[in-house]
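Presented below is the structure to which this report refers.
Everything quoted here is computed from the prediction, not taken from an experiment.
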Amino acid sequence: MKPFTDEDVEIYIQSKVERRHHLVSKAVEEVQKIIQQLTTEISCKATRFQAISNSGIHNENIKVLAPSQFLITVPLRGLTGYRERQVRHWRYYTVHGAKLLSSVRDPEELHQWLEVEQFSKSLQQWHETDVNIEGDLVPAKVLIVFRELVEKSIISCNLSSKVTVLESFSSVVRVAVETSESQVEVELVPAVEIPTCWPEKARWPRCLKRWPSQEKVQCIKSLGFDLLARSNYHWQLCFSRAERILMEGLDEDGGCRMKCFRVMRQMKEDVWCAGNKPVITAYHLQTVLFWTCEKYPRTKDWRCFPEAFLRLVQKLHKCVSQHFLKHYFVKNTNLLKYANTSDLDLVASKLAVFLENPVFCLD
């Protein structure tokens, strides 16, 4: 295996990584401005939905999965004082409210049911039949209401030339946003923010781990989690605030973890898994980084960039080859479970070629 030089890395960062940062920052700024205008209009039409804030490149509502693929969470108002539901019961209804003879399947590990009674305070609108069936807040119904509001607000905000609602096989709401450089596909996701507790399903941290520190663990768990409307019956657990805190303090010891991540992300977008809708996103890479930081917690493990970077790429190669990447907080969840296996195998083969001859592509 031929080692690459520090000079190779610096040239790559200057020519590729920094340029990407500039382009993505500009796209985030433009998309954020448009979606803020759109969600402000939606919030005026329906108080259950809250406008996203305009807080720059580090807006916690915006997740950049790829340069032309964003996920933006739209907070829901009027649901406070959350508590976990202990009693299990069966549901016998379709998302349209019709009766079923057999019960709806249980949620997967990263998902859960959500009952309006789990909140000590809730607006009357959350009890209405347009979003509620037998006391459950049903994501598919929330998304139907939200989609109609998005379509109406695009027209009332005169945004038809900049925003188009995309057709979807599922209930998720995706829009195409025109920026000055390119078109960005954005998934708009209604989200219940729960900043008061940590979910039982997230049995984290695992015992006797040196990374992150106990102080950081306590800080992270105090920030809670979110529940996203991305499927028909079940709400998806999301830990974006926790992930942001982990990323922010990554190199307090002077290591090169963030540098490794940025270069790996760039190589992924340039060579290993390019395209507008990649099978491997920045979120998968972030998860690989967290697992590697946990396995190699010492400062000295992150002093030498070539060693640390290749170790990270080897971990990514293993996950992609095995079609298996554990969620960092909910360990029984495979983030690649529904990914196209042929696409994964193609990425794995490209990673293998790089590991045999680690050269950065400057073309």
Side-chain angles (χ1 to χ4, degrees), residues 20-46 48-76 139-140 142-193 226-231 235-236 238 240-241 243-244 265 268-269 273-286:
R20 177 208 187 268
H21 178 72
H22 171 73
L23 290 172
V24 171
S25 298
K26 191 177 177 186
V28 167
E29 189 180 328
E30 291 182 35
V31 169
Q32 180 176 236
K33 188 177 178 182
I34 291 168
I35 300 301
Q36 189 199 23
Q37 184 185 349
L38 187 65
T39 53
T40 300
E41 179 72 10
I42 289 168
S43 185
C44 290
K45 293 181 191 298
R48 286 181 290 194
F49 299 93
Q50 186 176 318
I52 70 161
S53 63
N54 191 354
S55 52
I57 180 72
H58 300 297
N59 189 324
E60 66 178 51
N61 294 105
I62 301 176
K63 191 176 285 185
V64 178
L65 301 176
S68 58
Q69 186 184 14
F70 295 2
L71 185 149
I72 300 182
T73 53
V74 179
L76 297 178
V142 173
L143 285 164
I144 289 167
V145 171
F146 183 60
R147 175 183 281 269
E148 288 177 4
L149 287 164
V150 169
E151 290 170 346
K152 288 177 182 174
S153 298
I154 288 170
I155 295 166
S156 57
C157 287
N158 295 317
L159 287 172
S160 300
S161 62
K162 292 182 177 178
V163 185
T164 309
V165 179
L166 299 172
E167 290 296 319
S168 178
F169 294 111
S170 61
S171 49
V172 298
V173 178
R174 289 192 177 91
V175 296
V177 179
E178 298 294 338
T179 70
S180 57
E181 298 287 337
S182 63
Q183 187 182 84
V184 177
E185 184 176 309
V186 179
E187 183 182 349
L188 295 172
V189 188
V192 181
E193 296 179 343
D226 297 334
L227 290 169
L228 309 185
R230 297 185 79 192
S231 64
W235 294 76
Q236 180 184 318
C238 171
S240 54
R241 287 185 296 280
E243 290 155 359
R244 192 183 78 250
R265 181 180 62 192
K268 193 278 297 182
E269 291 173 4
C273 187
N276 292 338
K277 299 182 87 170
V279 68
I280 298 295
T281 68
Y283 184 73
H284 295 116
L285 301 186
Q286 178 182 270

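The shortest non-hydrogen separation linking L227 to W235 is O-CE3, 3.6 Å. Residues V186 and V177 come closest through the heavy atom pair CG2-CG2, 3.9 Å. Closest heavy-atom contact between L143 and S231: CD1-O, 4.3 Å. Across all non-hydrogen atoms, the minimal contact from S43 to Q50 is OG-CA, 4.1 Å. For C157 against Q37, the heavy-atom pair with the smallest separation is O-NE2, 3.5 Å. Here the closest non-hydrogen pair linking A229 and V189 is O-CG1, 3.6 Å.
By the side chain to side chain donor-acceptor pair (under 3.5 Å) test, E187 pairs with R230, sequence neighbours left out. Scored by the side chain to side chain donor-acceptor pair (under 3.5 Å) test, S240 finds no partners at all (sequence neighbours excluded). Taking the side-chain contact (heavy atoms from CB on, under 4.5 Å) definition, one finds that S168 meets it with R147, S170, V172, R174, sequence neighbours left out.
If you check the side chains of H22 and S25, you find no donor sitting under 3.5 Å from an acceptor.
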Determine whether E30 and S180 satisfy the following criterion, side-chain hydrogen bond (donor to acceptor under 3.5 Å, both in side chains), listing intermediate values before the conclusion. CA-CA 8 Å; E30 291 182 35; S180 57; 2.6 Å; yes
Query raised in the report: Please walk me through it: do R241 and D226 pass side chain to side chain contact (heavy atoms under 4.5 Å, CB included)?
Result: CA-CA 9 Å; R241 287 185 296 280; D226 297 334; 2.8 Å; yes
### Task
Let me see the working for E269 and L285 under side chain to side chain contact (heavy atoms under 4.5 Å, CB included), right down to the final yes or no.
CA-CA 11 Å; E269 291 173 4; L285 301 186; over 6 Å; no
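Within the 4.5 Å cutoff, the side chain of E29 has no heavy atoms near those of the K33 side chain. Considering only heavy atoms from C-beta on, P190 stays 4.5 Å or farther from R48 through its side chain. No side-chain heavy atom of I35 sits under 4.5 Å from any side-chain heavy atom of I62. Side-chain contact between F49 and L76 is present, with heavy atoms from C-beta onward closer than 4.5 Å. At least one side-chain heavy atom of E243 sits under 4.5 Å from a side-chain heavy atom of K63. Between P67 and R20, some side-chain heavy-atom pair lies under the 4.5 Å cut-off.
T39 places a side-chain N or O within 3.5 Å of a backbone atom of Q36 that can act as its donor or acceptor partner. Of the possible donor and acceptor atoms, one in the side chain of N61 sits under 3.5 Å from a partner among the backbone N and O of T73. A distance-only check finds a donor-acceptor pair linking the side chain of N59 to the backbone of S53 [under 3.5 Å].
Rounded to the nearest 0.5 Å, atoms NZ (K26) and CG (L23) are 8.0 Å apart. For the atom pair OH of Y283 and CD of Q69, the computed distance is 14.0 Å after rounding to the nearest 0.5 Å. The distance from the CG atom of L149 to the OG atom of S156 is 9.5 Å, given to the nearest 0.5 Å. Interatomic distance, L159 CG to T164 OG1, rounded to the nearest 0.5 Å: 10.5 Å. Distance CD/E60 to CD1/I52: 11.0 Å, rounded to 0.5 Å. For the atom pair CG of L71 and CG of L228, the computed distance is 7.0 Å after rounding to the nearest 0.5 Å.
Taking the charged nitrogens against the carboxylate oxygens, K152 and E148 have no contact shorter than 4.0 Å, which rules out a salt bridge.
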